[in-house]
Protein chains: 2
Amino acid sequence: MKSVHKVLENPRGVLKNSTSRKPAQRRSADDRSADILAAARAVIAEQGYEKTLIADIARRAGVVDGTIYRYFENKRDLMVKVAEVWFGEQLLMDSHLDSIHGTQNKLRHLAWRTLSIVRREPVLARFMLMELRPDPNYRNSPFFEMNRKFTHEVLQVCRDAIASGEFVNDISPNMLRDMLHGCIEHRTWAFLRGEGDFDIDEVADGIAKLIYRGMLAQTPATRSDVEAAVARIEEVASKLERKLQS
Amino acid sequence: MKSVHKVLENPRGVLKNSTSRKPAQRRSADDRSADILAAARAVIAEQGYEKTLIADIARRAGVVDGTIYRYFENKRDLMVKVAEVWFGEQLLMDSHLDSIHGTQNKLRHLAWRTLSIVRREPVLARFMLMELRPDPNYRNSPFFEMNRKFTHEVLQVCRDAIASGEFVNDISPNMLRDMLHGCIEHRTWAFLRGEGDFDIDEVADGIAKLIYRGMLAQTPATRSDVEAAVARIEEVASKLERKLQS
DNA sequence: AACAAAAATGAAGTCAGTTCATAAAGTGCT
DNA sequence: AGCACTTTATGAACTGACTTCATTTTTGTT
């Protein structure tokens, strides 16, 4: 049960002395909100979100701590909104998957795309991996929706390949997606921990290759296939033989 | 610049009234430490480590908040030590990989083993994924050492298979390890977020199957291989035929 | 100009982790 | 047993961060 400030008779005001307040720098609500978001992003980019204080953001935005709470529920809400804009920008940089042909190339491209976002914006990547995804209501967050696009593309490539008979159908597309994303994330963590850099092309290539090969439909040849082949050979041979005799 | 308590003249003592202190319950240092660890683990298991307060742990252990700091550097240090013991127990439950034959079976077992730890101890799994692994000096932590065993086994299985010619050698063993661990982690996250349960056997089987096939050097002859062989024979035959006619 | 509504302020509140002077308990020596 | 000394436990106070809200300032309207 939290104590409520409302009914107390001016608990803060009574102690106030005559310190003159600065005039409020008024701006439109949208501008203010954008200012704070921009300031937050700048501070986060500089020092990492974990070391970022509300006070830092407020100073940078030219406002006072309390003002931030007029525009954002709390610190986390602000952080999430920052990441939302930031991540949105990254998604716009996407190149079109449609123009790429071949299942393996598509897989490679999907891996490559995510890895290149990680490389471009490690702080954002870290924030998403550490804060956003573990969140219990991640599935209802705007990020889940944004990520759906990625996920959907992977699943589509996989389903197409299964439908065309290129891929086996005894492994679920979801499994393939988990492998693709999981492997990328594993690599991302190592990168974010600073365990040396990684070659985007090499990693993307390896992932795509392994998955592609693993999923490739390989109907084993049956005995009758071989018998048919032998029969055909004998047929050809005897035809030649006849020709030789004539 | 932090203010220092030392030189101030008894800043806390002066205000103390005559409240009598409880007699100190003295125990050996090792016991005390173990008590606190056990209490911490119990509380964490109950409410998740994120909601666990030092005060909760202290109450449970029958000591006072400050006492904890005689045995542990800080909250994080305590948490890490708890996880260390906890994880160690899980590792002891390992079954022997040696008794399992066949590369694919070994891969399946490795996946299965990790997944079953996750299933048994979701709170521990969450703690390790969220707190321990992201840590910048994870590589120097006891956990990294403990995990080395897992990692080492995966790499060994892979290297053996490459050496024997069973696996191709154009994909690095590290990549395979990343895929295995990454996929497991991805699945783990979904599980920890409560997005429905998962079937350990099914997941382990899928992972092993996909990786095994993807790495396999000797692909079995397919129907199309046989067809290609027949086509080649016909080509040779017709060439011969042309020669005969001339 | 007067009034009302909206925005900004910043001192104070809150909450958790952490510190440290002090009290209590144990230990060893005479 | 008595005394000095060391170790352990205590918990009030400190700290540093997020958050609240009565008050002040600005803006918009009549």
Side-chain angles (χ1 to χ4, degrees), chain A residues 1-36 39-40 43 47 49-59 61-79, chain B residues 1-36 39-40 43 47 49-59 61-79:
Chain A
M1 195 169 288
K2 300 182 68 178
S3 72
V4 177
H5 289 242
K6 258 177 191 168
V7 282
L8 304 178
E9 63 282 41
N10 193 1
R12 295 172 222 261
V14 286
L15 292 181
K16 253 172 212 166
N17 56 15
S18 58
T19 48
S20 68
R21 291 155 180 272
K22 277 190 199 167
Q25 300 275 339
R26 199 89 174 298
R27 300 194 55 183
S28 86
D30 279 356
D31 283 356
R32 211 26 114 192
S33 181
D35 283 355
I36 294 170
V43 176
Q47 41 193 256
Y49 83 96
E50 286 166 298
K51 287 179 194 152
T52 297
L53 310 183
I54 286 288
D56 296 335
I57 297 171
R59 196 167 340 108
V63 297
V64 116
D65 297 23
T67 303
I68 289 177
Y69 291 85
R70 292 194 51 75
Y71 297 93
F72 303 93
E73 289 276 318
N74 49 42
K75 189 184 180 182
R76 185 182 173 79
D77 175 46
L78 168 56
M79 292 301 208
Chain B
M1 198 168 290
K2 299 181 69 179
S3 73
V4 176
H5 290 243
K6 258 176 190 169
V7 283
L8 304 177
E9 62 282 40
N10 192 2
R12 294 169 223 261
V14 287
L15 293 179
K16 253 172 215 166
N17 55 16
S18 57
T19 49
S20 68
R21 291 157 179 270
K22 278 188 197 165
Q25 300 275 339
R26 200 93 175 293
R27 300 194 57 181
S28 85
D30 279 354
D31 285 356
R32 212 26 116 192
S33 181
D35 284 354
I36 294 170
V43 176
Q47 41 192 258
Y49 82 97
E50 286 165 299
K51 286 178 193 153
T52 298
L53 310 183
I54 285 289
D56 297 334
I57 297 171
R59 198 170 336 113
V63 297
V64 114
D65 298 22
T67 303
I68 290 178
Y69 291 86
R70 292 195 50 76
Y71 296 93
F72 303 93
E73 289 276 318
N74 49 42
K75 188 182 181 183
R76 183 182 176 80
D77 175 44
L78 169 57
M79 292 300 208

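Reminder, nothing fancy here: chain letters follow the sequence lines and each chain counts from 1.
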To the side chain of [X], which of [options] is closest?
X: B/Val63; options: C/dG17, D/dT10, C/dT9; value: D/dT10
X: A/Arg70; options: C/dT18, C/dA8, D/dT10; value: C/dA8
X: A/Lys75; options: C/dG10, C/dT18, D/dT19; value: D/dT19
X: B/Ile54; options: D/dT19, C/dA8, C/dT18; value: C/dT18

OP1 or OP2 of D/dT19 less than 4.0 angstrom from a side-chain nitrogen or oxygen of A/Tyr69, does that happen here? yes
So, is B/Tyr71 close to the D/dA9 phosphate, meaning a side-chain N or O under 4.0 Å from OP1 or OP2? yes
Shortest non-hydrogen pair, A/Val63 vs A/Thr67, comes out as CB-CB, 4.0 Å
Spacing between [X] atom [atom1] and [N] atom [atom2], to the nearest angstrom:
X: B/Leu53; N: C/dT14; atom1: CG; atom2: P; answer: 17 Å
X: A/Arg32; N: D/dT26; atom1: CZ; atom2: C1'; answer: 12 Å
X: B/Arg59; N: D/dT10; atom1: CZ; atom2: P; answer: 14 Å
X: A/Lys51; N: D/dG16; atom1: NZ; atom2: P; answer: 17 Å
X: A/Ile36; N: D/dT19; atom1: CD1; atom2: P; answer: 14 Å
X: B/Asp31; N: C/dG26; atom1: CG; atom2: P; answer: 14 Å
X: A/Asp65; N: D/dG16; atom1: CG; atom2: C1'; answer: 12 Å
X: A/Asn74; N: D/dT20; atom1: CG; atom2: C1'; answer: 13 Å

A/Asp65: partners by side chain to side chain contact (heavy atoms under 4.5 Å, CB included), with sequence neighbours left out: A/Ile54, A/Ala55, A/Ala58
Nearest 0.5 Å, what's the CG-OG1 distance between A/Leu78 and A/Thr52? 9.5 Å
Spacing of CD1 belonging to A/Ile57 relative to CE belonging to A/Met79, to within rounding of 0.5 Å: 5.0 Å
Assign each of A/Thr67 and A/Thr52 to its nearest nucleotide of DNA chain D by heavy atoms, then name whichever residue's nucleotide is nearer the 5' end. A/Thr52
B/Phe72: partners by ring pair (Phe, Tyr, Trp, His ring centres under 6.0 Å), with sequence neighbours left out: none
